[in-house]
Amino acid sequence: MALMIGIPREIAAGEKRVATVPEVVEKLIKLGFTVAVESGAGDAANCSDDAYRTAGAEIIENAAQLWARSDIVFKVTVPTSAEVGLMREGGHLIGFIWPAQNPELMQQLAAKKATVLAIDALQRMLSRAQKMDALTSQAGVAGYRAVIEAANAFGRYFNGQITAAGKVPPAKVFIAGAGVAGLAAIGTAAGLGAIVRANDTRAEVADQVKSLGGEFVKVEFEEEGGGGGGYAKVMSEGFQQAQREMYAKQAKEVDIIITTALIPGKPAPRLITAEMVQSMKPGSVIVDMAAERGGNCELTEPGQAVVKHGVTIVGYTDLNSRLAKQSSTLYATNLFRLSEELCKTKDGIINVNMEDDAIRGLTVIKEGVITWPAPAPKLPAAPAKAAPAPAHGHGGGGAPASGGKTAVIFGVAAVLFLLIGAYAPAAFLGHFTVFVLACFVGYMVVWNVTPALHTPLMSVTNAISSIIAIGALVQIAPPLTEGFDRPDGWIRGLAVAGIALTTVNMFGGFAVTRRMLSMFRK
């Protein structure tokens with residue numbers, strides 16, 4: 001018999017998200033499930049009861065009835081003790097649980113003989129788990145919203161402008177932490193025209209920062225900050241001191257600071273001190289995205305936007321709820337992808353396969369038995385290292401030719417050219433000279449070029465190589481001098497065909513070049 005998925009209304013203060021949306025309800029029904037939604041569950045996310053009914057869901061008027069009837073409950077926020085009390089014994093719960101921070105909740109759920117899948121416990125390093133990664137999807141929304149909140153509190157344009165009333169300089173934004181939320185903030189701020197700088201303890205994200213239009217600010221201290229699973233680790237005291245000095249310098253220069261730094265299982269690291277806040281220009285803004293875990297700024301007040309030392313410090317803990325429709329849609333999609341993995345037979349029956357690394361990582365309680373934390377997943381062996389590429393172009397692999405070998409080659413070539421010059425007809429020498437020069441130029445501008453440049457370069461050289469059209473035009477032109485015979489029909493026909501083909505090549509080459517160059521322009 002097909003299982004019922006229940007969607008209760010979120011009761012956490014200020015929470016506007018809902019665990020699924022009407023568009024995803026239709027997909028869940030196609031997997032064989034029935035879906036029930038508590039009345040009003042999606043109102044704050046612009047998902048009405050009528051929209052759920054149209055999608056095929058049943059609307060249940062009260063939470064107690066919904067929890068009692070549901071085989072599987074989808075939730076956004078951590079369930080309260082009262083909600084666990086409503087849960088049917090042996091049921092399934094999927095949502096954010098944070099087992100390390102909620103040991104009492106884990107015991108209550110285990111007492112219910114429940115099977116609990118914590119979306120926050122997903123093994124994020126597994127590539128096929130990315131479609132279920134709700135932490136990433138929600139962090140991206142929060143990073144975007146953080147920039148919007150900063151723009152709302154800031155008293156100027158983000159982009160620079162020159163008007164009749166005067167020049168407006170662009171805002172300078174510094175983003176501490178370039179994880180998913182930080183990268184989303186970088187892209188949004190750069191898109192609004194601000195000068196964006198960013199820092200992260202993980203050196204490998206520097207290229208990502210630059211690709212989004214930001215400048216990576218490096219801490220002058222050598223230490224790797226990757227902590228596994230996409231998170232940063234706690235850094236040494238020496239690194240932290242150098243980092244504080246860098247932050248102090250940025251605080252004096254920038255207009256907006258957005259902090260995103262979090263370390264799993266630990267309070268948010270303090271990055272911005274009261275002295276740094278005091279050194280910022282009046283009217284500056286700090287958006288502390290880590291406010292829920294204590295905040296990266298010493299003066300942050302979680303859930304509030306306050307003004308201290310002339311600086312607005314935004315410590316909202318509901319950034320995702322401020323974009324409730326978007327957050328809910330992405331979260332619902334993550335849970336649907338998880339449902340696909342649990343119900344591969346599409347008959348409305350789930351299989352919590354503990355042999356599957358992705359499902360095992362999510363499962364924190366299985367039929368009343370606490371299975372958290374999960375063992376490390378079995379990652380595939382690293383591929384064998386490829387042979388090093390040749391130093392230049394396509395030339396045969398291996399080390400470059402020695403000086404002696406090069407001298408021999410040039411010597412042989414010189415002798416060959418001497419023999420040709422001594423015995424070849426005079427008419428042949430002119431054509432041969434052009435051929436040799438063409439080979440040399442072709443090698444220098446095509447063969448010997450870095451492969452990364454081949455696509456845009458070849459489109460241009462193809463167009464330029466169409467100079468052969470001139471030769472074809474000569475063949476079909478009338479004679480210019482006495483004794484110059486007109487070509488026969490075959491030669492004239494081939495010349496016309498050559499002109500047609502080289503015309504396509506010429507115009508096509510420049511068209512492709514223009515299109516590729518436009519890809520690199522904003």
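Here the structure is a predicted model, which is why all the values come from computation and not from measurement. These numbers come from the heavy atoms of this one structure, side chains and all, not from hydrogens, waters or symmetry mates.
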Between [X] and [Y], what is the shortest heavy-atom contact and its length?
X    : Y    : result
C297 : I313 : SG-CD1, 4.3 Å
P8   : G6   : CD-O, 3.5 Å
A44  : A324 : O-CB, 3.8 Å
G193 : P170 : O-CB, 3.9 Å
A290 : A261 : CB-O, 3.7 Å
I256 : A150 : CG2-CB, 3.8 Å

Short question: side chain of [X], backbone of [Y] - any donor-acceptor pair under 3.5 Å?
X    : Y    : result
S321 : D318 : no
Q138 : S327 : yes
E83  : T80  : yes
E38  : R9   : yes
D200 : A178 : yes
D288 : T300 : no
R293 : K266 : yes

What do you reckon, is [atom1] of [X] surrounded by more than 12 foreign heavy atoms closer than 6.0 Å?
X    : atom1 : answer
Y144 : OH    : no
E104 : CD    : no
K281 : NZ    : yes
K346 : NZ    : no

Atom [atom1] of [X] and atom [atom2] of [Y]: how far apart are they, to the nearest 0.5 Å?
X    : Y    : atom1 : atom2 : answer
I175 : M289 : CD1   : CE    : 9.5 Å
M106 : Q101 : CE    : CD    : 11.0 Å
L335 : T20  : CG    : OG1   : 7.0 Å
N320 : S328 : CG    : OG    : 9.0 Å
H92  : L342 : NE2   : CG    : 8.5 Å
W372 : L362 : CH2   : CG    : 14.0 Å

Could you tell me whether [X] and [Y] have a side-chain N and a carboxylate O separated by less than 4.0 Å?
X    : Y    : answer
K249 : E245 : no
E340 : K27  : no
E215 : K172 : no
E15  : R17  : yes
R124 : D133 : yes
E355 : R360 : no

Less than 4.5 Å apart, any side-chain heavy atom of [X] and any of [Y]?
X    : Y    : result
Q243 : N199 : yes
V73  : S70  : yes
S284 : F154 : no
L105 : P79  : yes
V116 : T363 : no
T312 : V314 : yes
D43  : K16  : no
I72  : I350 : yes

Practice item. Apply the test side-chain contact (heavy atoms from CB on, under 4.5 Å) to residues I258 and V147: give CA-CA distance (whole Å), side-chain angles for both, the deciding distance (0.1 Å), then the verdict. Key: CA-CA 8 Å; I258 298 175; V147 176; 3.8 Å; yes
Exercise for review: Please step through side-chain contact (heavy atoms from CB on, under 4.5 Å) for the pair W98 and V364, ending with a clear verdict.
Suggested key: CA-CA 10 Å; W98 305 107; V364 295; over 6 Å; no
Exercise for review: For the pair R244 and E237, evaluate salt bridge (Lys or Arg N to Asp or Glu O under 4.0 Å) and give the outcome as yes or no after the intermediate values.
Suggested key: CA-CA 10 Å; R244 283 191 291 268; E237 181 55 38; 2.9 Å; yes
Who passes ring-ring contact (aromatic ring centres under 6.0 Å, His included) against [X], sequence neighbours left out?
X    : result
Y316 : none
F174 : Y247
Y331 : F96

Could you pull out every donor-acceptor pair under 3.5 Å between side chains of residues 268-280 and any protein atom, sequence neighbours left out?
unit_1, atom_1, unit_2, atom_2, d
R270, NE, G295, O, 3.2
R270, NH2, G294, O, 3.4
T273, OG1, E275, OE1, 3.4
T273, OG1, M276, N, 3.3
S279, OG, M276, O, 2.7

Exercise for review: Show the numbers, then the answer: is there a side-chain contact (heavy atoms from CB on, under 4.5 Å) between I365 and T371?
Suggested key: CA-CA 5 Å; I365 301 176; T371 59; 5.6 Å; no
**Study point:** Residue list, side chain to side chain contact (heavy atoms under 4.5 Å, CB included) with E367, at least two apart or on another chain
**Key:**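 For E367, the residues satisfying side chain to side chain contact (heavy atoms under 4.5 Å, CB included) (neighbours in sequence not counted) are T115.
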Name each donor-acceptor pair under 3.5 Å that joins a side chain in residues 157-165 to protein atoms two or more places apart or in another chain, with its distance.
unit_1, atom_1, unit_2, atom_2, d
T163, OG1, A165, N, 3.2
T163, OG1, G166, N, 3.3
T163, OG1, G166, O, 2.9

Exercise for review: With side-chain contact (heavy atoms from CB on, under 4.5 Å) as the test, would you mind laying out the steps for V35 and M4 before giving the verdict?
Suggested key: CA-CA 6 Å; V35 181; M4 174 181 282; over 6 Å; no
Review point. Can you list the steps and then say if Q108 with S81 is a side chain to side chain donor-acceptor pair (under 3.5 Å)?
Key: CA-CA 8 Å; Q108 292 173 358; S81 296; 3.3 Å; yes
